[in-house]
Structure formats: structure tokens, C-alpha cells
Asks: 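Just passing along the structure, written as C-alpha cells.
Every value quoted in this text rests on a predicted model; they were computed, and no experiment measured them.
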Amino acid sequence: MPTRKEAEEFKEALQQEMLKIQNSNLPDKIKDELLNIYLEKWKAANEALLGLGIPLED
């Protein structure tokens, strides 16, 4: 079971990756596709952690 610290580290890692994608030189269509993948990961992780009582969002 993840700890709050692990959840926060995961949140930061996802945010960093999403920022890298957003600031990249990739075509907008590919950026959107990649960002949607990370957003789905975010949603899945958030729902799982909420079930454990560890929200990713403040």
C-alpha cells in the first residue's frame, strides 16, 4: 500500500512528464494524445489512492 509520500512523488513525476510533453516540439496532435494518456493514468491513480484514503489532490 502506498504512503502519502509515495503518492506525492507519483503526482510530481506525472506533473513533470506532462510539462515536458507540453513544452516539447512535438506536433500538437501527438502532444494531445500523450497528455491524454497521462491524464488517464492520473485519474486511475487518483481513484485508486482515494480508495486507500490518500488523495493526490489537495
Asks: Hey, what do you get for CG (Leu34) to OG (Ser24), rounding to the nearest 0.5 Å?
Replies: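 Result: 7.5 Å between the selected atoms.
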Asks: Can you pull out every side-chain hydrogen bond (donor to acceptor under 3.5 Å, both in side chains) where at least one residue sits in residues 27-41? Sequence neighbours excluded, please.
Replies: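 The answer is none; no pair qualifies.
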Asks: Without placing hydrogens or testing angles, list every side-chain donor-acceptor pair under 3.5 Å for residues 15-23, not counting sequence neighbours.
Replies:
unit_1: Glu17; atom_1: OE2; unit_2: Lys20; atom_2: NZ; d: 3.4
unit_1: Asn23; atom_1: ND2; unit_2: Leu19; atom_2: O; d: 3.2

